[in-house]
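All ligand and atom numbering here is 1-based and tracks the order in the structure.
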Amino acid sequence: MEWKDFATQGARAAQWAADYHAGLRDRPVRAQTRPGEIAGKIPDQPPDAAEDIEAILGDLDEIILPGMTHWQHPRFFAYFPANAAPVSVLAEYYVSTMAAQCMLWQTSPAATELETRVIDWMRQAVGLPDQFSGSIQDSASTATLCAVLTMREKALGWAGNREGLAGQKQVRIYASDQVHSSIDRAIWVAGIGEANLVRIPVTGAARAMDIDALRAAIAADRAAGHLPAGVIACVGGTSVGATDDLRAVLTLARDEGLYSHVDAAWAGAAMICPEFRDVWEGVEMADSVVLNPHKWLGAQFDCSTHFLADPADLVRTLAIQPEYLKTAGADGIINYSEWTVPLGRRFRALKLWFLIRAHGLDGLREMIRNHVHWSESLARRLADAPGIEIVTQPMLSLFSFRMAEGDEKTEALLHKINNDGRIYLTQTRVDGAYVIRFQAGAFTTTEADIDTAFEVITELAREV
Ligand SMILES: *Cc1c(COP(=O)(O)O)cnc(C)c1O
């Protein structure tokens, strides 16, 4: 295919996109395929001869589409949302048409300067003070890795990058037992080792880090000759929304001279609504904060906003300037590749710019308020349904429930729900018990979809 054919094929793709979305409600949310079924339909050798675009597009509909789980489905209540607002999809189309590498200011000044602006728009939108700057990372996992590397290097006086970790004191990092697995992986990849991720037990309904336990762990490590380096707090943990008391954790981190990172990957989006900001009260004391517009807000993956109270520590940790990357004569400019691990960078700011302008913060706030409100009302209705109990109360739009009869029945209910296809839910464990998570967050969800969720859950619960 060549560019001269693009106007025709592009228009076809746009029609396909519109039809796909118009028909989503009629498709099962989760793919109803068996393992290997799709692979079995793909030739095991690549073609030597060029194939016609008609054949390729035909296979998209016949082979691929039936094997997709529909994350944009209005009744997707599993995991967390991965919304792609139409205007954001449109922005990505323009981005991939220009396909610029935006690693340095001069490799696309507009990409860098727009990124600086929209990061500041987002900072204002979620109410962070104006000393925060930041960048758009591909994912929260990368932002967390950057923060962990900064913790390590700062604590080691920047000796880790130079000399390696052998012979250094043990770098220690603290987090609750509710944090996302991306924290574990950042610790592994940073060479710190899982054994040096100190898990602090949680207390209370919010499942917040026990501050006395955190203080004691730091003191014990210092006494043992280890090197406390950083604290990672979470707001809206992935399992059931665990949320640390940021004011307490960050005050302690500051007193102890530890670098702090806040993982609000999912819940951070709701901070555009001032009435929800009490969940991260104290966040302005953090060194590093991540939240993902690619989850709830509708900037399609990948788009993770990483805020920094002072980028100097991160840049000192990660900037490499070989001669071929130096930007002649342009001092004071930002090269965002120095704020992250990969060199190559996509132009991610454009979709956030399109999104915020096309919906306005008010439009996005209304969506989030609706989701929270609907989720709370569903939890109340389910609490009254026979045989069902709410296990964790809504944290924003996330709650969990189970069958009163226990794990086996709860697991049977989940399988029934997902094989039925009208809604899609996933599971987790709370204090050892198997529970079903519910979150409302899809861009196109309506109140009627929440009613459908209630009907499906109660109808199938009667059958297990
Ligand atoms: C989704 C999530 C992550 C991981 O986000 P990615 O952008 O996929 O790396 C990390 N932490 C929390 C709390 C999350 O909800």
Return the minimal non-hydrogen interatomic distance between Phe401 and Thr410, and the atom names on each side. O-CG2, 4.4 Å
Determine, using ring centers only, whether Tyr424 and Phe76 are less than 6.0 Å apart. yes
Less than 6.0 Å separating the ring centroids of His359 and Phe443? yes
Would you find a donor on one side and an acceptor on the other, under 3.5 Å apart, between the side chain of Ser88 and the backbone of Ala84? no
With a 3.5 Å distance limit and no angle check, can you tell me whether Asn83 reaches the backbone of Trp296 through a side-chain donor-acceptor pair? yes
As a test of understanding, state which of Phe301, Tyr79, Phe77 forms a ring-ring contact (aromatic ring centres under 6.0 Å, His included) with Trp71. Tyr79
Within the protein, flag every N or O under 3.5 Å from an N or O of ligand 1, and note the pair and distance.
from	atom 1	to	atom 2	distance (Å)
ligand 1	5 (O)	Asn292	ND2	3.4
ligand 1	7 (O)	Ala140	N	2.8
ligand 1	7 (O)	Asn292	ND2	2.9
ligand 1	7 (O)	His294	NE2	3.1
ligand 1	9 (O)	Ala140	N	3.4
ligand 1	9 (O)	Ser141	N	2.9
ligand 1	9 (O)	Ser141	OG	2.5
ligand 1	11 (N)	Asp263	OD1	3.2
ligand 1	11 (N)	Asp263	OD2	2.6
ligand 1	15 (O)	Thr238	OG1	3.4
ligand 1	15 (O)	Lys295	NZ	2.7

